[in-house]
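Encoded as structure tokens, the structure appears first; notes follow it.
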Amino acid sequence: ICSHPGHQTAVSPDTTYFAVDWLGVEVTKATLGIIGMGSIGYKVAQRARAFNMRILYHNRNRRRKEEEEAVGAHYCEKMEDLLQQSDFVMLVVNLTPETHKLIGKKELGLMKPTATLINISRGAVIDQDALVEALQNKVIRAAALDVTYPEPLPRDHPLLKLNNIIITPHIGTATVQAVHMMAEEAIANMLAVLNGQPIPSEVFPK
């Protein structure tokens, strides 16, 4: 969470020395709670395993046992159990009526005061007013958001004034390679429709 301020300190013309007590939080052996274990959530788990993280997950449907074992993930039937145990909570769910403001005051209150909330899904999955309050009152340690609502936030939004949050402009898939792959997938789907063939990435299969 201190990486961006660290960059600012490193390049600032006013910097004469680096503080020795500027400490971050170790991810190795920390507990990562993934809410939403679809294809993206599972890829997050694969990467987290490389850091020897303890992985918990909550999902509508439990993954197969062999899939869990492959990444060392443990299923939490109740989201509350995941929130209480996790050092990092990552949101990887679709935005639906059921997940709208899935994380609110109650859920933030269940998290560890040392925990970090990470959202790479959609902004409205979090009650942002509750998040502002939780960050201001140190209910949780920090947050990292790639998504907000609206996008961008109004320039006077209180989230932008906090020093225990990182916000990026919805750039989770913003690489040259990812954009090319998305374009190729879109073209493949259009060609399938035009040729009367099954649609490879059909959103609502018949």
Side-chain angles (χ1 to χ4, degrees), residues 3 27 32-79 82-83 86 88-104 107 116-128 131 143-154 157 159 166-206:
S3 59
V27 296
L32 171 64
I34 301 172
I35 299 177
M37 190 65 113
S39 59
I40 296 174
Y42 195 75
K43 289 182 184 301
V44 169
Q46 290 174 323
R47 287 153 176 76
R49 189 177 191 192
F51 288 97
N52 292 323
M53 299 187 83
R54 176 181 177 234
I55 302 168
L56 308 177
Y57 79 97
H58 173 73
N59 201 46
R60 284 178 302 176
N61 302 306
R62 184 169 183 172
R63 285 271 186 169
R64 298 196 312 270
K65 185 177 180 182
E66 55 268 30
E67 292 174 326
E68 291 180 342
E69 291 176 349
V71 294
H74 304 278
Y75 179 64
C76 291
E77 184 175 355
K78 295 181 179 178
M79 186 174 71
L82 178 149
L83 293 172
S86 299
F88 298 89
V89 174
M90 183 172 284
L91 302 172
V92 204
V93 295
N94 293 324
L95 178 59
T96 66
E98 291 73 32
T99 62
H100 183 259
K101 294 190 177 180
L102 179 69
I103 302 297
E107 290 74 25
T116 296
L117 178 65
I118 304 164
N119 190 8
I120 62 169
S121 56
R122 288 293 182 270
V125 170
I126 297 176
D127 180 339
Q128 288 183 165
L131 179 60
L145 312 177
D146 188 42
V147 287
T148 59
Y149 67 93
E151 293 177 349
L153 289 171
H157 196 284
L159 277 177
I166 287 177
I167 302 175
T168 51
H170 205 150
I171 55 173
T173 58
T175 68
V176 172
Q177 293 86 349
V179 171
H180 282 174
M181 285 189 293
M182 286 189 284
E184 290 170 357
E185 185 174 355
I187 292 168
N189 280 274
M190 287 186 281
L191 290 174
V193 171
L194 293 172
N195 293 318
Q197 298 173 341
I199 303 170
S201 306
E202 191 171 7
V203 178
F204 298 107
K206 291 182 179 64

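Quantities reported herein were computed from a predicted structural model and do not represent experimental measurements.
Every residue meeting the side-chain hydrogen bond (donor to acceptor under 3.5 Å, both in side chains) condition with Thr96, not counting sequence neighbours, appears here in chain and number order: Glu98, Thr99. With sequence neighbours left out, the side-chain contact (heavy atoms from CB on, under 4.5 Å) criterion links Arg60 to no other residue. In this structure, Glu185 has no salt bridge (charged side-chain N to carboxylate O under 4.0 Å, His left out) partners at least two apart in sequence or on a different chain. The side-chain hydrogen bond (donor to acceptor under 3.5 Å, both in side chains) search around His157 returns none, not counting sequence neighbours. With sequence neighbours excluded, the residues satisfying side-chain contact (heavy atoms from CB on, under 4.5 Å) with Tyr75 are Tyr57, Arg62, Glu68, Glu77. In terms of the side-chain hydrogen bond (donor to acceptor under 3.5 Å, both in side chains) criterion, residue partners of Thr168 (sequence neighbours excluded) are, by chain and number, Asp146.
Interatomic distance, Ile34 CD1 to Ile40 CD1, rounded to the nearest 0.5 Å: 11.5 Å. The CG atom of Leu153 sits 3.5 Å away from atom OG1 of Thr148, with the distance rounded to the nearest 0.5 Å. In this structure, the separation between NZ on Lys101 and CG on Leu95 is 11.5 Å, given to the nearest 0.5 Å. Taken to the nearest 0.5 Å, the NE2 atom of His74 stands 12.0 Å off from the CG atom of Leu82. Atom CG of Leu32 is separated from atom CD1 of Ile118 by 7.0 Å, given to the nearest 0.5 angstrom. Annotation: the span from Gln46 atom CD to Ile55 atom CD1 amounts to 9.5 Å, rounded to 0.5 Å.
Closest non-hydrogen pair, Val89 versus Ser86, comes out as CG2-CB, 3.7 Å. Residues Ile199 and Ala192 approach most closely at CA-CB, 4.3 Å, considering heavy atoms. The two residues Ile103 and Glu107 come nearest to each other via the heavy atoms C-OE1, 3.9 Å. Of all the heavy atoms in Met182 and Thr173, the pair that sits closest is CE-OG1, 4.0 Å. His58 and Lys78 make their closest contact through ND1-C, 4.0 Å (heavy atoms, listed as atom of the first residue, atom of the second, distance). Heavy atoms only, all atoms of each residue included: Ser121 and Val93 are closest at CB-O, 3.0 Å.
Looking at Val125 and Val147, their side chains never come closer than 4.5 Å, going by heavy atoms from C-beta outward.
Without hydrogens or angle criteria, Arg63 side chain to Gly38 main chain gives a donor-acceptor distance under 3.5 Å. Between the side chain of Gln128 and the main chain of Tyr149, a donor-acceptor pair closer than 3.5 Å is present. Formation of a donor-acceptor pair under 3.5 Å by the Asn119 side chain with backbone atoms of Arg122 is found in this model.
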